[in-house]
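The structure displayed is predicted, hence computed values, not measured ones.
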Amino acid sequence: MTEKLIHYFRQIPDYRCDREKKHDLAEMLVCVTLGVLCGRTTIRRSLKWCRNHLEELRKHMKLNYGIASPSTITRMLSGIDEELALYAFMEWIGEIVDSKNTHLAIDGKALRGAAEKTKSGTAPMLLNVVETVRGLILAQLPVASKTNEITVIPELLKLLDIRGSVITIDAIGTQTAIMEQIHEQEGHFVFTVKKNQPDAYEEIHTFLDKLEEEAEKKGKSETPDPVMQDYLGKYEEINQMEKNRDRNEYRTCQICNNASNLTKKQKEWTHVQSIGRIKQVRIPVEKDSQGNDITPTKEEFLKKGSRRVPVPSAEEEIGKDIQCTALISDLILTAEELGSIKRMHWSIENRLHHVLDDTFREDRSPAKKSRNNLSLIRKFAYNILRLAMYETGLTNIMTEMMDCFCDNATLREQYVFQGIASLY
């Protein structure tokens, strides 16, 4: 059982001098978090909710001077030390869920609402670590405007105990130094190889095209290429089809647990054991005027497209109609395991980024100096909502869970003013 939420906020040093203190810093942080939990995603609306529930809040906190003003909260979020606030967050979530022996996805997210307030006009970036099994955020680090994710990823990894965990990062993180660091920290990796590393990208696709061709020969009882025999023995391919409400998804997962032919394996990527690829085709569902399903088959779609997508586009980016992603790993995996790991990484887009932008309105926040600490407050609220969804089963929709917190004082007391049970 963790301590009360206010206990972790009290670990953040108060930067104010004593004569300027009126509102307790930890109490202010609890109030903002609680308002966000209840669906009030701006500071002003959050504090208004707290004023309307002041009698209830005073059962758990002193609040001698009532609820602070929005300008006071904004100054407070701008003034507290971002690094120490992060440590308080990591201690809190670290007592609930373990970062060892799990799947950790690292991905960057832009704070677009703050773009116009930066000198360069570019959107500030935050790098997030997500424990994908339950979708909980374990840490964040800002990406400085004059650097990029490659320099921040090692710093983020140092903050975590990743022993036995599988780390997934987009292609920008497919760097020899990062692989070495993960290996030194006793973790594992599944990395994407894209066209920013053209030689390795081309080599992997050519190799897997050849293996696919030789596997077809073997299936037809034809004699495969003798050079490919050893590789065929460690090659696996599976096909999956999934129907969603708005599209049909076809996935082919391929893996070869012998990477000895990869040029970079011999020189730089010494820990790589497996080479894989995931081919995905997304076909939008179509119906005629009578409501009959007229969605084309995979073969028809690849040849002619459809009424909704006249010319299917083949790109690496998430959301495209046709994707073909090359992968490398230091693990010996089955094709099904590889597909599952990659799908969990892709889920960050829907389970985290979309929720932060659409539900928490992060993209609309114009905060500049306070943006990183305000983002951390959202992540406290996000994790509490995820935990409540996981444990109570009341709903699997974030906005509905916010409504539950808004309407249910028992939930607020359990998850905010009492300790949260550990998931270890």
Side-chain angles (χ1 to χ4, degrees), residues 98-107 127 129-133 138-139 149-208 211 230-238 253-278 316 324-348:
D98 201 352
S99 61
K100 300 193 297 292
N101 301 309
T102 187
H103 175 199
L104 304 177
I106 298 177
D107 200 17
L127 209 56
V129 180
V130 180
E131 190 268 335
T132 64
V133 177
L138 303 189
E149 293 175 42
I150 296 174
T151 59
V152 180
I153 290 169
E155 298 304 313
L156 196 53
L157 288 170
K158 289 176 185 176
L159 296 174
L160 300 164
D161 184 351
I162 62 170
R163 285 175 291 172
S165 288
V166 177
I167 312 298
T168 55
I169 313 174
D170 276 343
I172 194 169
T174 306
Q175 308 291 330
T176 304
I178 293 175
M179 294 181 198
E180 290 293 338
Q181 181 176 343
I182 290 172
H183 181 71
E184 288 171 6
Q185 291 186 231
E186 300 180 39
H188 303 284
F189 61 83
V190 174
F191 284 172
T192 304
V193 180
K194 290 188 178 180
K195 292 179 181 178
N196 60 335
Q197 304 198 52
D199 294 339
Y201 176 88
E202 187 65 33
E203 190 175 16
I204 290 171
H205 283 290
T206 301
F207 175 65
L208 288 171
L211 270 177
D230 290 341
Y231 298 111
L232 275 175
K234 295 184 177 181
Y235 172 77
E236 184 186 6
E237 175 183 321
I238 61 167
C253 301
Q254 303 166 298
I255 194 164
C256 179
N257 290 307
N258 183 347
S260 58
N261 70 311
L262 189 63
T263 303
K264 280 206 168 188
K265 157 73 174 175
Q266 301 158 14
K267 297 178 179 179
E268 301 173 45
W269 297 349
T270 55
H271 301 299
V272 172
Q273 299 294 323
S274 304
I275 299 171
R277 181 168 66 180
I278 297 177
E316 296 169 337
C324 192
T325 306
L327 301 158
I328 56 173
S329 178
D330 66 328
L331 292 168
I332 301 297
L333 300 167
T334 65
E336 185 174 359
E337 287 170 337
L338 181 70
S340 176
I341 289 170
K342 191 58 181 173
R343 284 202 73 198
M344 291 298 283
H345 182 84
W346 279 336
S347 72
I348 295 178

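- Shortest non-hydrogen contact noted between A105 and H345 is CB-ND1, 3.5 Å.
- Between H205 and R277, the closest side-chain pair of non-hydrogen atoms falls below 4.5 Å.
- Side-chain contact between I255 and Y235 is absent, with no heavy atoms from C-beta onward closer than 4.5 Å.
- In this structure, the side chains of I169 and V190 stay at 4.5 Å or more apart for every pair of heavy atoms.
- Annotation: the span from I178 atom CD1 to L157 atom CG amounts to 7.0 Å, rounded to 0.5 Å.
- Between the side chain of T132 and the backbone N or O of M344 there is no donor-acceptor pair closer than 3.5 Å.
- A heavy-atom distance below 4.5 Å is not found between the side chains of V130 and D107.
- To the nearest 0.5 Å, atoms CG (L338) and NZ (K342) are separated by 9.0 Å.
- Looking only at distances, a side-chain donor or acceptor of Q266 sits under 3.5 Å from a matching main-chain atom of S260.
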As a quick check of understanding, evaluate side-chain contact (heavy atoms from CB on, under 4.5 Å) for T102 and V166, giving each step before the final call. CA-CA 6 Å; T102 187; V166 177; over 6 Å; no
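- No donor-acceptor contact under 3.5 angstrom links the side chains of D161 and S99, judged on distance only.
- Side-chain atoms of D98 come within 3.5 Å of backbone N or O of K100 as a donor-acceptor pair.
- Under the 3.5 Å distance criterion, with hydrogens and angles disregarded, no donor-acceptor pair is assigned to the side chains of T325 and K194.
- No donor-acceptor pair closer than 3.5 Å links the side chain of Q175 to the backbone N or O of I150.
- For the pair L327/I275, no side-chain contact is recorded, criterion being any heavy-atom separation below 4.5 Å from C-beta on.
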Please report the C-alpha distance between K234 and S274 in whole Å, then the side-chain angles of each, then the deciding distance to 0.1 Å, and finally whether the side chain to side chain donor-acceptor pair (under 3.5 Å) criterion is met. CA-CA 9 Å; K234 295 184 177 181; S274 304; over 6 Å; no
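- Within the 4.5 Å cutoff, side-chain heavy atoms of T263 are placed close to those of E203.
- Looking only at distances, no side-chain donor or acceptor of E237 sits under 3.5 Å from a matching main-chain atom of Q254.
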Between Q273 and L331, is the side-chain contact (heavy atoms from CB on, under 4.5 Å) condition met? List the steps. CA-CA 6 Å; Q273 299 294 323; L331 292 168; over 6 Å; no
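- Judged purely by atom type and a 3.5 angstrom limit, T206 uses its side chain to pair as donor or acceptor with the backbone of E202.
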Can you check side-chain contact (heavy atoms from CB on, under 4.5 Å) on T270 and E180, steps first, answer last? CA-CA 9 Å; T270 55; E180 290 293 338; 3.8 Å; yes
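- Looking at residues two or more places apart in sequence or on another chain, you find no salt bridge (Lys or Arg N to Asp or Glu O under 4.0 Å) involving E184.
- Judged by distance alone, the side chain of T176 and the main-chain N or O of E268 form no donor-acceptor pair under 3.5 Å.
- Side-chain N/O atoms of K158 and Q185 include no donor and acceptor closer than 3.5 Å.
- Side-chain contact check for E236 and T334: no donor-acceptor pair (N or O, by modelled atom type) lies under 3.5 Å.
- Using a 4.5 Å heavy-atom cutoff, the side chains of W269 and T174 are in contact.
- Nearest approach of A326 to I204, heavy atoms of both residues: CB-CG2, 3.8 Å.
- Here the side chains of L104 and T168 are not in contact, with every heavy-atom distance at 4.5 Å or above.
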Is there a side-chain contact (heavy atoms from CB on, under 4.5 Å) between H188 and H271? Walk through the geometry before answering. CA-CA 9 Å; H188 303 284; H271 301 299; over 6 Å; no
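- The CG atom of L160 sits 7.5 Å away from the CD1 atom of I167 when rounded to the nearest 0.5 Å.
- Residue pairs meeting the ring pair (Phe, Tyr, Trp, His ring centres under 6.0 Å) criterion with at least one partner in residues 159-182, sequence neighbours excluded, are absent.
- Classification of the Y231-F207 ring pair by plane angle, with boundaries at 30° and 60°, yields perpendicular.
- A donor-acceptor distance shorter than 3.5 angstrom exists from the side chain of K265 to the backbone of V272, with no hydrogens or angles considered.
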